[in-house]
Amino acid sequence: MEHVSFAASYFFVFVLESCTSCWKCSRLEIVFVFSYFCTSGRAYKFDILNRNHEPREGDVRLFGSKNVSEGCVEIYHDGKWGTVCDDNWDMADAQVLCRQLNFLGAKSIVTGKDYGQAPGPIWLDDINCKGTETHLFTCEFKGWGETDCTHKEDVGVVCETGSINVDINDSTQSLDHGIILSDFLGQIFDDGNGCDFLIVVQSPTGNKQEDGTPEISEKTICAHKMILSQIPFFNASVGITNITVNLSLPCQPHFTSFIRYIYTRKMDVTLSSALCLHQMASNFGLKQLMEDIGRLFSKILPEDSTFHNQVSFYKYAVETKDLVLEENCVQYMAWNYQNLTRSPAWSGLSVGLLRALLTRSDLVAPDEYFVLQSVERWISEKGDSIDLETQADLLGRIRFPMIPAEKLYVIESSSPLYSTHKTVYRDNMLKAFQFNVLLFSNLTKQKFGKENNDYQPRIYTAEPWSIVLELSIRTSSSQTHSRPIDKRQRYNNRYIHGYGYETSSYSQTRSKSFSTPVHNSLIFKDTVKRWQANILMNRQECSNHGVRCESFPVAKLTPQNYISQSEILFRNRILLVCQGQYVCQIQDFKSNMASISANATQVLPYPCAGDQFTYQIVVTPEYV
């Protein structure tokens, strides 16, 4: 129990233990004990998580559902939120709405469902979208507020959240620190009997009243001063009877759960509630709750294939200066960079986040040319909103010497930004061409330092630098059929980050041989390094390979030929890809071995349900 005096906590637990074992003791008697310590008086006001952004003309939102991807459709016009009538509403309209909300698209239309009373007007009726519009208000409709509908005809939608298709209601993490405090206290809170401390929760709705003042949604919670006296920030001391708390509207529904946690030390945290609850815990000084929810962010990150939540968590981490959460978010997006660039969130990335990604050497991509193309596309989509200096800065973070030589030749003719930033491209392409035809020692003698990131590779998964292995043998047949994977690449039935060979269901794929150049510069194009990759499952297999293994499974990557190149060092890695969907771990090879166990002794940075992995080994040569 946090922030409670020794005498009060001792007496409180004594009464609880006595009363919970006594048939004659009622909940009201317990409440009387709470009231014995506190009297009535003044009120206080407190602001938390009051980060509200003013809505703009034409903004849309969903309300009335715990699932953020479902709800009644509202659109903002003339300073007020209003609904949309279901007359002529079809999937083309829903697609525009969902894409404007940064979802992948629409899953279904909902009519006749009660999402709660909408207080605003009905703004749109007989809307007719082609499906290609970027904003709902650009579609054809009668006119703002011109309608013969009632609010019973307000339309709702269910938006598509991505290939993982996780329903937030099904994604619940339970926290339980209620060893001392039982469900008995939770029942006291739920009943509200004997409550003596009012918490008034106020949240701006985004609408304006007739006099122009902001409209405020208000909710009152009646709690017990004795319980809240544990939390100094409530100031539930002698003479204080109530407090006003300002919350953002999306966080208001979760405040009751937060107060109940103070009673029971138990809580279910969902994707939609995590940010709000983390901020509440931070502001009210519940350190344990804050840390526990912070750890849950790692579990939540992989659940959104649209990447909107990962981007939101990053923004939140920057705002709250939570460096651990910030690094966690950036690392996940760097490891899953290719999926990020294909997601609806890509074009909305901030300059700061994109810059943070481009500084990382653990960014996973097919090759550096892919990174260049993704940044060019991001800049092009932003248009004039990104000034030329910022564009040049981002392009300057591309590691041009790492771009495959054959792709350097097409940049001038294919790049949409080349004519705008000729100097940036020409200077970096010259550096890249020099890198490909000169020894690195000659380059460093001129003007390029060894510590320059331009000469440090990222984790490139394109051919010939990677190979995909799997643990399972999917049939009794020993026959193996394989075929080259096309450039879209798939893990099982999903896209992967590289090149290799896709084996049929008759294949045993945990042992493969492959070859790479000794380095990615043209000087070493014809100098081949041969590798043998294996996944070892038990001590006998390790013994057969002449190695000692501490855990299983374990990856072994062995060079098959010796090439004398003392200035080149291989920093090889193995990527654990969860169910073909996202990279959840990256391990370095040390002495040709990499542990890939995911048992209790090795916690994955990002969890994987069922521990179903595909393993991708990446060879990474570096100049030293």
Side-chain angles (χ1 to χ4, degrees), residues 305-307 311 330 333-386 388 390-433 435-436 453-466 485-490 494-499 520-522 582-583 616 618 620:
S305 61
T306 70
F307 283 86
V311 173
V330 176
M333 287 185 273
W335 287 5
N336 294 279
Y337 183 78
Q338 188 168 359
N339 290 338
L340 173 63
T341 63
R342 294 170 173 169
S343 74
W346 174 248
S347 60
L349 255 61
S350 66
V351 172
L353 177 51
L354 182 55
R355 187 179 286 126
L357 290 168
L358 295 177
T359 61
R360 300 183 71 100
S361 292
D362 64 344
L363 186 146
V364 178
D367 55 33
E368 193 68 21
Y369 186 62
F370 177 90
V371 180
L372 171 63
Q373 288 182 308
S374 65
V375 173
E376 289 176 333
R377 177 164 58 87
W378 183 90
I379 293 174
S380 298
E381 290 177 355
K382 289 291 187 180
D384 295 336
S385 64
I386 304 298
L388 294 179
T390 301
Q391 294 180 23
D393 174 72
L394 294 172
L395 291 171
R397 295 174 186 272
I398 303 298
R399 302 179 181 185
F400 278 81
M402 295 295 108
I403 295 176
E406 65 275 12
K407 294 181 180 179
L408 285 170
Y409 291 99
V410 302
I411 290 178
E412 183 174 356
S413 59
S414 63
S415 170
L417 303 176
Y418 186 88
S419 59
T420 305
H421 298 282
K422 283 185 179 179
T423 301
V424 174
Y425 279 93
R426 287 176 177 175
D427 288 348
N428 283 284
M429 288 170 64
L430 173 61
K431 188 189 300 184
F433 283 124
F435 174 81
N436 276 280
N453 283 337
D454 289 343
Y455 301 107
Q456 299 298 318
R458 309 184 200 268
I459 302 176
Y460 301 128
T461 58
E463 189 182 36
W465 302 106
S466 77
I485 301 177
D486 66 22
K487 293 183 179 180
R488 298 182 72 188
Q489 298 301 297
R490 297 171 71 87
R494 301 177 179 88
Y495 299 118
I496 67 173
H497 300 288
Y499 288 74
N520 61 327
S521 65
L522 281 178
Y582 58 90
V583 178
Q616 187 167 21
V618 179
T620 308

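Annotation: side chain of Glu376 is in contact with side chain of Leu395 (closest heavy-atom distance under 4.5 Å). Contact annotation: the side chain of Phe307 approaches that of Met333 to within less than 4.5 Å [non-hydrogen atoms, C-beta and beyond]. Side-chain contact between Ile379 and Leu417: present, with at least one pair of heavy atoms (C-beta onward) separated by less than 4.5 Å. Ile459 places none of its side-chain heavy atoms less than 4.5 Å from the side chain of Leu363. Between Trp378 and Leu354, the closest side-chain pair of non-hydrogen atoms falls below 4.5 Å. At a threshold of 4.5 Å between non-hydrogen side-chain atoms, the residues Phe400 and Tyr425 count as touching. Counting heavy atoms from C-beta outward, Asn520 and Asn436 have side chains that stay 4.5 Å or more apart. Put simply, the side chain of Arg399 does not reach to within 4.5 Å of the side chain of Tyr455, judged on heavy atoms.
Note on Lys407 versus Asp367: salt bridge recorded, some NZ/NE/NH1/NH2 to OD/OE distance being below 4.0 Å. Using a cut-off of 4.0 Å between Lys/Arg side-chain N and Asp/Glu carboxylate O, Lys431 and Asp427 are scored as not salt-bridged. Looking at Asp362 and Arg458, no side-chain N of the basic residue comes within less than 4.0 Å of a carboxylate O on the acidic one, giving no salt bridge.
The nearest pair of heavy atoms linking Arg355 to Asp393 is NE-OD2, 2.9 Å. Closest heavy-atom contact between Leu340 and Trp346: O-CB, 3.4 Å. The shortest heavy-atom contact between Ile411 and Tyr369 is CG1-CE1, 4.0 Å. Across every non-hydrogen atom of Ala345 and Thr306, the tightest pair is CB-O, 3.3 Å. Closest of all the heavy-atom pairs between Ser380 and Pro416 is OG-CG, 4.0 Å. Of all heavy-atom pairs between Asn453 and Thr359, the closest is ND2-O, 4.5 Å.
Interatomic distance, OG1 of Thr390 versus NZ of Lys382, reported as 11.5 Å (0.5 Å rounding). Note that the OH atom of Tyr582 and the CH2 atom of Trp335 stand 12.0 Å from one another [nearest 0.5 Å]. The distance from the CG atom of Asp454 to the CZ atom of Arg397 is 11.0 Å, given to the nearest 0.5 Å. Atom-to-atom distance recorded for Asn336:CG and Thr341:OG1 is 10.5 Å, nearest 0.5 angstrom. In this structure, OG on Ser374 lies 9.5 Å from CD on Gln338, to the nearest 0.5 angstrom.
Aromatic ring centroids of Tyr409 and Phe433 lie under 6.0 Å apart.
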Next on the checklist: For a side-chain contact (heavy atoms from CB on, under 4.5 Å) check, start with the C-alpha distance between His421 and Leu388, then their side-chain angles and the critical distance, and finish with the verdict.
Outcome noted: CA-CA 8 Å; His421 298 282; Leu388 294 179; 4.1 Å; yes
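Between the side chains of Ser466 and Gln616, at least one donor N or O sits under 3.5 Å from an acceptor N or O. Between the side chains of Tyr337 and Arg342, no donor N or O sits under 3.5 Å from an acceptor N or O.
With hydrogens and angles disregarded, a donor-acceptor distance shorter than 3.5 Å links the side chain of Gln391 to the backbone of Ile386. The backbone N or O of Glu412 lies less than 3.5 Å from no partner atom in the side chain of Ser415, so there is not a single donor-acceptor pair.
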